[in-house]
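Numbers here are sequence positions counted from 1.
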Amino acid sequence: MSGVVAAMRRTLLSCTSLARDGMIGLASAVLLPAGSALASELPFAQAITDLFGFNHQEVAVLATSMALVGFSVVAAILLMRTRVRATRNDGQLRSEIADLQAQSDRLRALLFAEPQVLISWNAGDNRPQISGDISLVMSQEGSPQRILAFGTWLPPEPALQMDHAVDALREKGEAFLLNLSTSAGRAIEAMGRAIGGQAIVRIRELGGLRRELAESNLRYKTLQEETELLRDFAAAAPWPIWAKSLEGNLRYANSAYVRATEGKSFTDALHRNLELLESDQRTDMARALNDNASYAARLPIVVSGERRIYDVQALKLNGGSAGIAIDASEAAALRAAMTRMVEAHRRTLDQLSSGVAVFDADRRLSFYNESYRRLWDLDQAFLDSNPDDSSILDRLRANRKLPEQPDFRAWKAKLHEAYRAVESETYTWFLPDGRAVSVVTTPNLEGGVTYLFDNVTESLDLARRFDGLTRVQRETLDNLAEAVAVFGSNGRAQLFNPVFAKLWKLSPDALRERPHIETVEALCKPLFDDALTWRTLRESITAIENRAQVALKLERKDGSVLDCMTMPLPDGATLLTFQDITDTENVERALRERNEALEAADQMKVDFVHHVSYELRAPLTTIIGFAHFLSDPSTGPLTPKQAEYLDYVTKSTNALLALTNNILDLATIDAGAMKLELGPVNIGKAIEDAAEGIQDRLATDRIALKVDVEPDIGGFVGDERRVVQVLYNLLANAVGFSPHDATVTISARRTEHSVVFAVTDSGPGIPPEMRDKVFNWFESHSHGSRHRGAGLGLSLVRSFVELHGGRVRVDSTVGKGTTVTCDFPIDQTAHRNAAE
């Protein structure tokens with residue numbers, strides 16, 4: 001065993017000496033690990049281990065040494081043979097090397113005959129080998145090492161695509177072929193292959209035919225993508241889409257077409273050649289496609305039992321035709337509604353009093369209404385010819401219907417700026433014929449301008465009048481003696497005059513701020529603070545319903561008295577007026593006190609008259625009684641002188657008694673205590689009784705009495721005693737004012753509703769200024785006559801006639817006489833009304 005080991009050691013030493021040769025060294029470098037692995041794997045290694053007691057490492061060394069020995073022997077033999085052959089063929093080898101070098105140069109020249117770059121990576125090596133025309137992919141910095149930074153000379157998307165392709169080539173050996181464009185706009189081709197364990201990328205510029213082919217491939221690919229996209233779009237489109245052959249057979253239909261034709265599937269639609277359109281519609285479409293390359297029509301189509309409107313578009317193709325039907329029902333309905341609305345608007349505009357003219361984007365008249373034609377008196381045929389804006393203005397200028405302008409062209413250009421404007425413009429044209437026209441130009445969204453003309457001549461005239469009226473009213477209001485303020489429906493002061501501010505001692509500036517009525521109340525309270533009155537004024541001003549006129553009297557702290565009035569105005573405002581009636585109130589108070597004093601004095605007069613009348617009647621009655629007693633022959637004879645005196649006493653006492661009775665009657669009537677004793681009155685007898693009372697005076701004054709009464713005059717209802725008293729006073733008054741040898745006439749006549757008594761004398765008459773006083777108490781004017789009465793006769797006449805419901809009138813002419821007429825009503829109702 002030790003001998004074998006020694007022999008192996010000598011073999012190792014021999015191998016060591018052989019390892020000095022490069023080839024042996026390379027072989028040992030390869031075989032040593034292989035021997036070790038072989039020793040561990042071969043079956044005989046265990047046997048050697050068991051036989052000789054070697055360990056595993058020693059067995060590996062032994063196996064390696066044996067392998068090296070064999071390899072060294074073989075290598076030495078081959079080396080000797082190679083040296084012998086090399087010496088023999090040295091010249092031939094040099095010749096072959098030269099040929100290979102030339103061939104290599106030719107291949108390199110051929111490889112780089114066109115601009116291209118080769119980039120190669122050895123397996124496991126990240127450093128690339130670059131050769132070729134690197135200017136093709138030179139970066140902006142000009143560094144050859146930056147050509148692998150694809151983003152420096154490729155756009156972002158191609159650079160990312162290039163990165164992914166190179167990574168897949170190096171990691172998985174996946175080949176690629178890309179057509180790209182550099183940032184400089186150059187077309188290149190990048191091809192990657194895995195060859196001999198290397199990853200090689202060739203980049204070359206495309207030009208000429210290659211470029212055309214590349215672009216064709218790109219277009220083809222793009223066309224394929226577009227075709228797929230269009231197929232997907234057609235399949236997903238909600239509108240029926242179809243394609244037909246030249247014979248009219250269905251070749252393609254999308255899902256919407258299948259549903260519209262009630263087909264079960266695409267195959268069913270093709271097999272049954274289902275049609276979407278009616279036969280006449282298909283005929284029209286085929287005829288149109290034969291004449292033209294396209295067909296377009298809006299057709300009614302029944303889909304799912306519902307008739308709808310579709311826009312059908314069809315194109316003529318080389319292999320047949322294709323079409324699409326787009327649901328236009330809503331569009332048709334909207335168009336119809338729009339048409340109706342436009343027509344309604346046109347009819348409405350035709351009814352307007354304002355002139356309307358619409359010009360399109362070409363500045364041609366597209367619409368006008370009748371008011372526009374009448375306003376400018378333009379010919380309808382001219383307007384219907386759709387003239388342009390300038391032509392209309394020129395015609396209006398020629399007819400002197402436009403404002404006079406020093407530069408008409410500049411004026412027209414400014415007016416036509418409306419076609420480029422955004423906002424509306426308003427003008428006022430003062431025409432040569434005196435009219436004023438308001439013009440509004442409004443630009444349309446779709447282009448063009450709408451003109452709106454209004455004849456504002458009357459409006460401007462009314463505005464001038466209103467302005468003048470307003471100024472007059474303002475001046476009138478400011479110069480009123482009354483304080484005036486107008487409060488709006490919101491309770492704020494809208495208008496006031498200076499007297500209002502002065503009367504309430506308010507600041508005009510504060511009132512110009514339009515204060516609320518509550519603020520005005522607070523400012524006025526120092527002069528008048530009655531809460532109830534102010535609440536009434538507030539409610540009258542701010543009330544919405546039941547607005548009524550309110551009248552108040554205000555007595556302020558400064559002693560002044562104001563008459564206040566609120567007047568509701570039609571617009572919801574309220575007019576508030578204050579009038580200072582302090583002086584009037586003082587005068588009224590004084591007059592009231594005087595009236596009360598006069599009433600008291602009159603009452604005292606009436607009381608005095610009553611008292612005196614009653615006091616006088618008692619002694620008069622006694623005197624009259626004793627006078628009658630003395631005049632009676634049974635008392636004894638009287639001397640002539642005594643009889644004369646007694647006659648004077650009797651006449652005086654009778655006159656005084658009559659006067660006393662008259663005064664008492666007037667006082668009774670004035671006190672409202674007189675009552676009539678109504679009954680039948682015989683007119684003739686009443687006149688006779690009255691005339692009998694003045695017979696002595698008629699005889700004394702030589703006056704004739706003429707009675708003019710109809711025989712069948714009859715009677716009426718009244719107080720007979722008072723009627724006789726009225727007639728007696730009238731006759732006595734006429735006799736007293738008549739001259740000697742005159743005639744007094746008394747007449748009576750019946751009318752439909754009354755009995756009229758008239759007493760006429762021929763006395764001096766009554767002056768006009770005295771006619772209203774003849775019926776007053778104690779008014780007696782003789783005017784040169786013999787009348788010396790107390791002036792109570794006519795007063796009693798009027799009072800008794802009016803108690804009967806009648807009336808008295810006096811007709812007199814100075815120097816010719818007087819007629820007094822009394823009307824007594826026949827109807828008894830008049831008596832009751834008079835009594836009441």
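- Side-chain atoms of F500 and N497, non-hydrogen and from C-beta on, do get closer than 4.5 Å to each other.
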>> Evaluate V520 against F487 for side-chain contact (heavy atoms from CB on, under 4.5 Å), listing each step before the verdict.
In response: CA-CA 11 Å; V520 175; F487 289 84; 4.1 Å; yes
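- Annotation: side-chain hydrogen bond (donor to acceptor under 3.5 Å, both in side chains) contacts involving residues 514-529, sequence neighbours excluded, comprise E521-R538, D529-K557.
- Judged purely by atom type and a 3.5 angstrom limit, T476 uses its side chain to pair as donor or acceptor with the backbone of V472.
- Between W534 and W504, the two ring planes are tilted [angle within 30° to 60°].
- Rounding to the nearest 0.5 Å gives a distance of 10.0 Å between CG of L803 and CG of L678.
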>> side-chain contact (heavy atoms from CB on, under 4.5 Å) for R556 and L503? Distances and angles first, verdict last.
In response: CA-CA 11 Å; R556 301 194 301 182; L503 184 65; 3.9 Å; yes
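- By the 30° and 60° cut-offs, the orientation of the rings of Y372 relative to Y368 is tilted.
- Put simply, the side chain of D761 gets close to the backbone of G763: a donor and an acceptor are under 3.5 Å apart.
- Between D433 and R435 there is a salt bridge, with a side-chain nitrogen of the basic residue lying less than 4.0 Å from a carboxylate oxygen of the acidic one.
- For the pair L730 and C822, the tightest heavy-atom approach, listed with the atom from each and the gap, is CD1-SG, 3.7 Å.
- Remark: E585 CD to T582 OG1 distance equals 8.0 Å, nearest 0.5 Å.
- Under 3.5 Å, the side chains of S424 and T442 contain a donor-acceptor pair of N or O atoms.
- What you find for G572 and R547 is that their closest heavy atoms are O-NH2, 3.3 Å.
- In this structure, NZ on K505 lies 14.0 Å from CG on L523, to the nearest 0.5 angstrom.
- Atom CG of L495 and atom CG of L575 lie 9.0 Å apart (nearest 0.5 Å).
- At distances below 3.5 Å, not a single donor-acceptor pair connects side-chain atoms of S438 with backbone N or O atoms of D454.
- At least one donor-acceptor pair under 3.5 Å links the side chain of N369 to the backbone N or O of S354.
- Aromatic ring orientation, W429 versus W411: tilted (interplanar angle from 30° to 60°).
- For R464 and D461, the salt-bridge test passes: some basic side-chain N is under 4.0 Å from an acidic carboxylate O.
- V499 is not listed as a side-chain neighbour of E482, based on a closest heavy-atom distance of 4.5 Å or more.
- Here the side chains of F824 and V723 are in contact, with some heavy-atom distance below 4.5 Å.
- Judged by a 6.0 Å distance limit and a 45° cone about the ring axis, R395 is not positioned over the six-membered ring of W376.
- Side-chain contact between L506 and F496 is absent, with no heavy-atom pair separated by less than 4.5 Å.
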> Hey, mind stepping through E425 and E417 against side-chain contact (heavy atoms from CB on, under 4.5 Å) and telling me if it holds?
Replying inline: CA-CA 10 Å; E425 291 288 342; E417 289 179 359; over 6 Å; no
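- Shown here for V561 and K553, the closest heavy-atom pair between the two residues is CG1-CG, 3.8 Å.
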> Taking it one step at a time, do F737 and T818 satisfy side-chain contact (heavy atoms from CB on, under 4.5 Å)?
Replying inline: CA-CA 9 Å; F737 281 98; T818 303; over 6 Å; no
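- Side-chain contact between H416 and L393: present, with at least one pair of heavy atoms (C-beta onward) separated by less than 4.5 Å.
- The line from CD of Q405 to CZ of R409 is 14.5 Å long, rounded to the nearest 0.5 Å.
- The backbone N or O of S366 lies less than 3.5 Å from no partner atom in the side chain of N386, so there is not a single donor-acceptor pair.
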>> side-chain hydrogen bond (donor to acceptor under 3.5 Å, both in side chains) for T457 and N455? Distances and angles first, verdict last.
In response: CA-CA 6 Å; T457 307; N455 189 345; 2.7 Å; yes
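- Salt bridge D311/R298: present, at least one basic N to carboxylate O contact under 4.0 Å.
- Surrounding CD of E446 are more than 12 heavy atoms belonging to other residues, nucleotides or ligands, all under 6.0 Å away.
- The heavy-atom pair separating T821 from A758 by the smallest distance is OG1-CB, 4.1 Å.
- Considering only heavy atoms from C-beta on, Y427 comes within 4.5 Å of T441 through its side chain.
- There is a side-chain donor-acceptor pair under 3.5 Å between D558 and S560.
- Inter-residue side-chain proximity for Y451 and I392 is flagged as unmet; no heavy-atom pair is nearer than 4.5 Å.
- At least one side-chain heavy atom of L402 sits under 4.5 Å from a side-chain heavy atom of F408.
- Closest non-hydrogen pair, N444 versus V358, comes out as ND2-CG1, 3.9 Å.
- Looking at D823 and R807, a side-chain N of the basic residue comes within less than 4.0 Å of a carboxylate O on the acidic one, giving a salt bridge.
- Nearest heavy-atom pair, P515 versus L511, reported as atom, atom and distance to 0.1 Å: CD-O, 3.3 Å.
- Checked for salt-bridge contact, D394 and K412 meet the test: a charged N lies under 4.0 Å from a carboxylate O.
- Defined by atom type and a distance below 3.5 Å, a donor-acceptor pair is missing between the side-chain atoms of N595 and R592.
- One N or O on the side chain of D360 and one on the backbone of D362 form a donor-acceptor pair closer than 3.5 Å.
- Separating the CG atom in L378 from the CG atom in L383 is a distance of 5.0 Å, to the nearest 0.5 Å.
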